[in-house]
Amino acid sequence: MMLPILHSITVVAGLTGSAQAGPVLSCEISVLSGTPLYEVVGIAEGTPGITGRYTLSVRKTVGGNISVSQQGGRFTIESSGRVVVSRSFVSANERGDIQASLVLTGMPSASDGEKSFDCFAEG
């Protein structure tokens with residue numbers, strides 16, 4: 001069952017190849033509403049075969065209480081040009097602020113060193 005999108009942000013700034021090529025790695029964070037949980041989804045997009053590492057951090061603040069979770073690992077962009085790198089679930093029972101950050105580190109080409117960038121969503 002697909003949940004409606006509460007908030008989504010796409011960042012196209014990221015790792016680039018040659019001056020003629022567009023971005024070869026970008027990220028997206030979607031927060032999907034549901035009951036009793038929100039689902040935070042981190043997605044890497046780019047040239048198929050690009051590999052790298054990711055860290056998804058999710059922070060929820062309700063009143064004076066703060067909940068923080070962090071996930072990380074490796075990814076490879078699939079033939080479709082995208083891959084879900086991480087999913088995190090946050091309680092939707094109480095109103096509060098949700099902040100999510102997805103950091104991708106990868107190599108746009110064999111001649112380049114590793115580069116990192118960050119997507120950030122707030123809702």
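We use all heavy atoms of the structure for the numbers below, so side chains are in, but hydrogens, waters and symmetry mates are not.
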Discussion item. Could you walk me through whether Val41 and Val84 satisfy the side-chain contact (heavy atoms from CB on, under 4.5 Å) test, starting with their C-alpha distance in whole Å, then the side-chain angles of each, then the deciding distance to 0.1 Å, before giving a yes or no?
Written reply: CA-CA 7 Å; Val41 181; Val84 172; 3.9 Å; yes
Worksheet item: What do the steps show when you test Thr76 against Ile50 for side-chain contact (heavy atoms from CB on, under 4.5 Å), and what is the final call?
Response: CA-CA 6 Å; Thr76 300; Ile50 292 277; over 6 Å; no
Where do [X] and [Y] come nearest, in terms of heavy atoms and distance?
X: Glu28; Y: Leu102; answer: O-CD2, 3.9 Å
X: Phe75; Y: Leu104; answer: CE2-CD2, 3.9 Å
X: Arg59; Y: Ile66; answer: NH2-CD1, 3.2 Å
X: Ile29; Y: Ala100; answer: CD1-O, 3.6 Å
X: Ser91; Y: Tyr38; answer: O-CD1, 3.9 Å

Starting at [atom1] of [X], measure out to [atom2] of [Y] and round the result to the nearest 0.5 Å.
X: Leu56; Y: Gln71; atom1: CG; atom2: CD; value: 6.0 Å
X: Arg82; Y: Cys27; atom1: CZ; atom2: SG; value: 11.5 Å
X: Leu25; Y: Glu45; atom1: CG; atom2: CD; value: 9.5 Å

Worksheet item: Residues two or more places apart in sequence or in another chain: which of them pass side-chain hydrogen bond (donor to acceptor under 3.5 Å, both in side chains) with Glu78?
Response: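 Glu78 satisfies side-chain hydrogen bond (donor to acceptor under 3.5 Å, both in side chains) with no other residue.
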Discussion item. Could you check whether Gln99 and Ser101, counting side-chain N and O atoms only, form a donor-acceptor pair closer than 3.5 Å?
Written reply: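 Judged by distance alone, the side chains do not pair up.
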Item to complete: Indicate yes or no: at least one non-hydrogen side-chain atom of Val58 is less than 4.5 angstrom from one of Ile98.
Response: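 A side-chain contact exists here, since the closest heavy-atom pair is under 4.5 Å.
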Item to complete: Report yes if some heavy atom in the side chain of Thr47 is under 4.5 Å from a heavy atom in the side chain of Ile77; otherwise report no.
Response: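 No; the side chains remain at least 4.5 Å from each other.
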